[in-house]
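Note sheet for the following structure.
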Amino acid sequence: MIEIRNYINGELVAPAKGGYIDNYEPAKGKVYSLIPDSGEEDVKRAVEAAKEAFPSWSETSLDERSAILLRLSELIDQNLERLAEAESRDNGKPLKLARTVDIPRARDNFSFFATGLRHFASESHRTSDHVINYTTRKAIGVAGCISPWNLPLYLFSWKIAPALAAGNTVVAKPSEVTPMTAYLLSELCIEAGLPAGVLNIVHGLGGSAGNAIVEHPDVKMISFTGGTTTGEHIARTAAPKFKKLSLELGGKNPNIIFDDCNFEEALKTSLRSSFANQGQICLCGSRIYIQRGIYEKFRDTFVEKVAAMKVGDPLAEGTKMGAVVSKPHFEKILGYVKLAQEEGGTVLTGGHAEQMEGDLSEGYFIRPTVIEGLDEKCRTNQEEIFGPVVTLQPFDTEEEALAYANGTEYGLAATVWTQDVSRAHRVADKLKSGIVWINCWLVRDLRTPFGGVKNSGVGREGGWEAMRFFTEPKNVCIKY
Ligand code: NAD
């Protein structure tokens with residue numbers, strides 16, 4: 001049984017009160033490691049270490065800071081297979097996905113910001129013949145970074161890398177549902193020579209360890225990715241303390257397919273955008289709107305392909321659909337399938353657990369599920385399910401598609417399939433979401449602003465947006 005440790009002040013340590021939480025392997029439904037049940041005392045120690053490390057880290061030369069973060073990126077690359085296996089085992093995601101997406105992206109997050117920090121610049125404005133304004137951007141202090149379970153190391157490092165690159169020190173908490181790769185990262189930080197206290201990783205529950213980070217008066221900014229309800233709670237705690245806040249929250253993303261689309265591309269990519277990572281990517285399109293002219297053809301082909309999808313052992317080569325992350329989440333997803341039927345929906349394929357054999361018989365496997373016949377206002381089409389469940393609905397006009405797409409309280413991402421370039425721009429402009437993909441999905445460029453509108457969040461991550469979030473601008477005006 002692996003006993004995970006906190007990483008505080010450069011050392012791997014047990015939680016102050018000695019308590020541990022069970023960590024389950026979703027494919028087997030069994031406990032396989034123990035997570036520190038950290039609390040206020042552990043967070044206090046971590047913040048003290050981060051505060052102490054801040055003056056020297058923020059003054060470290062850009063070259064040196066960049067070199068250390070690049071070393072960390074290289075170590076992730078050298079340990080790619082080990083990290084991918086750990087991620088797959090901890091989360092239930094297919095090993096191939098962890099190997100080709102999650103871990104390479106964690107590596108790239110560090111190398112991207114390690115090199116980015118050397119190019120980050122601030123503005124100056126010549127106001128008149130005798131006046132110039134210039135802006136400096138300095139690191140702020142201790143950043144709190146809190147991340148979810150769906151893309152564990154990928155999203156954890158997406159926050160930590162820019163925070164460190166900008167010269168801040170960090171107290172971070174990965175999800176208690178998937179803590180393993182954050183623990184392995186702390187070992188790599190020691191190997192990379194990251195100075196003590198620059199990054200501190202405290203494991204534990206959201207209500208205790210997470211809340212203690214948000215409440216701590218010396219944590220000056222919070223970067224959070226997770227559910228909208230948690231985000232609301234964090235905002236309520238942090239706002240009166242005037243902390244900087246970046247909130248990346250839930251989604252209920254539309255996938256709009258016009259009848260002039262490239263049918264094969266739309267079909268192939270929609271299978272991925274619906275079910276990649278068992279539908280547990282905040283960017284997955286869970287509401288598929290199809291124009292009437294191709295509705296039946298698309299539905300029938302889509303359902304046939306989904307029914308043929310194999311759900312399998314996440315660690316086996318070739319598996320494309322693994323287990324969902326936990327028992328409560330498994331039950332939540334199946335609860336939504338039941339709700340969809342009560343709301344008048346018809347399950348076209350899936351809709352139930354997949355019973356596996358041998359040591360996977362207790363695992364949390366769900367057949368990919370397609371539902372039609374629901375009203376766009378029903379709970380199934382309004383609330384985030386975050387699993388392998390999509391709904392199909394026909395539409396006639398562009399206006400109708402936009403009304404459906406924009407008709408939820410969320411606004412993270414949207415996908416549009418059309419070959420009409422004018423329509424593509426028109427629809428992209430009218431979609432109320434932070435990210436729009438036209439004729440593609442999940443094509444990422446780390447320089448672009450990442451985040452949502454409405455209840456999907458506040459602020460943007462990525463590129464200079466992240467570097468700006470993690471620095472404080474000061475404007476100096478000189479008359480000469
Ligand atoms: P969650 O909100 O339950 O937990 C996220 C993190 O917050 C965890 O580390 C948790 O321990 C911590 N936390 C919980 N309560 C806290 C509190 N009171 N104070 C401080 N920290 C607390 O979310 P989850 O179930 O882990 O993740 C799934 C959600 O994340 C989905 O809603 C999904 O859409 C969202 N998500 C959003 C994005 C995005 O970029 N917008 C990306 C991935 C996931």
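Each ligand, and each atom within it, is numbered from 1 in the order the structure gives.
- Looking from atom 12 (C) of ligand 1 to the surrounding protein, the closest heavy atom is I146 CG2, 3.6 Å.
- Side-chain N/O atoms of S270 and N255 include a donor and acceptor closer than 3.5 Å.
- Residue-to-ligand polar distances place G227 within reach of ligand 1: an N/O pair is separated by less than 3.5 Å.
- Residue contact check: H233 has heavy atoms under 4.0 Å from atoms 18 (N) of ligand 1.
- Under the 4.0 Å distance rule, the nearest protein heavy atom to atom 4 (O) of ligand 1 falls outside the cut-off.
- Looking only at protein heavy atoms, the nearest one to atom 22 (C) of ligand 1 is G206 CA, 3.4 Å.
- Residue P174 touches ligand 1 through its backbone alone, judged by heavy-atom distances below 4.0 Å.
- Annotation: atom 7 (O) of ligand 1 to nearest protein heavy atom, F224 CE1, 3.1 Å.
- For atom 20 (C) of ligand 1, the closest heavy atom belonging to the protein is G210 C, 3.2 Å.
- Residue I234 touches ligand 1 through its side chain alone, judged by heavy-atom distances below 4.0 Å.
- When hydrogens are left out, the protein atom nearest atom 27 (O) of ligand 1 is P148 CB, 3.3 Å; that is the closest non-hydrogen contact.
- Applying the 4.0 Å criterion to heavy atoms of L412 picks out, from ligand 1, the atoms 41 (N).
- For S175, the heavy-atom gap to ligand 1 drops under 4.0 angstrom.
- Under the 4.0 angstrom criterion for non-hydrogen atoms, S147 is in contact with ligand 1.
- Between the side chains of T408 and Q382, no donor-acceptor pair is found at a separation under 3.5 Å.
- Among the atoms of T228, none of the N or O lies under 3.5 angstrom from an N or O of ligand 1.
- In this structure, atom 32 (O) of ligand 1 lies nearest to the protein heavy atom E384 OE1, 2.6 Å.
- Polar contact with ligand 1: present for L249 (N/O pair, distance under 3.5 Å).
- Stacking of R447 on the aromatic ring of W464 is not recorded, the 6.0 Å distance cut-off and the 45° axial limit not both being met.
- The atoms of ligand 1 that sit less than 4.0 Å from any heavy atom of N150 are 43 (C), 44 (C).
- Counting heavy atoms under 4.0 Å from ligand 1, residue L155 touches it through the side chain alone.
- Geometrically, K30 does not engage Y24 in a cation-pi contact, judged by NZ or CZ lying under 6.0 Å from the ring centre and within 45° of the ring axis.
- Looking at L151 against ligand 1, nothing comes within 4.0 Å, counting heavy atoms.
- With 3.5 Å as the limit, one finds no donor-acceptor pair spanning the side chains of E372 and Q393.
- A donor and an acceptor atom, one from each side chain of E215 and T237, are nowhere located under 3.5 Å apart.
- Protein heavy atom at the shortest distance from atom 42 (C) of ligand 1 is C282 SG, 2.8 Å.
- For the atom pair CG (N109) and OH (Y154), the distance works out to 7.5 Å, reported to the nearest 0.5 Å.
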- Message: If you apply the rule side chain to side chain contact (heavy atoms under 4.5 Å, CB included), what do you find for S157 with F110, and how did you get there?
- Response: CA-CA 7 Å; S157 53; F110 282 107; 3.5 Å; yes
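- For the pair W149 and ligand 1, the shortest N or O to N or O distance falls below 3.5 Å.
- For the pair E176 and ligand 1, the shortest N or O to N or O distance falls below 3.5 Å.
- Every residue meeting the salt bridge (charged side-chain N to carboxylate O under 4.0 Å, His left out) condition with E383, not counting sequence neighbours, appears here in chain and number order: R379.
- Between the side chains of S223 and K159, at least one donor N or O lies within less than 3.5 Å of an accepting N or O.
- Using a 3.5 Å distance cut-off with no hydrogens or angles, the side chains of N91 and T178 do not pair a donor with an acceptor.
- In this pair, Y404 and Y289 present their aromatic rings tilted. The plane angle is within the 30 to 60° band.
- Remark: K338 engages E342 in a salt bridge, criterion side-chain N to carboxylate O under 4.0 Å.
- Ligand 1 places these atoms under 4.0 Å from at least one heavy atom of F450: 40 (O).
- The protein heavy atom nearest to atom 28 (C) of ligand 1 is F386 CE2, 3.7 Å.
- In terms of polar-atom proximity, T230 is counted as a contact of ligand 1, with an N or O under 3.5 Å from an N or O of the ligand.
- At a heavy-atom cutoff of 4.0 Å, ligand 1 is contacted by both the backbone and the side chain of T225.
- Note: T471 OG1 to N168 CG = 8.0 Å, rounded to the nearest 0.5 Å.
- C440 approaches T269 most closely through the heavy-atom pair C-CG2, 4.3 Å.
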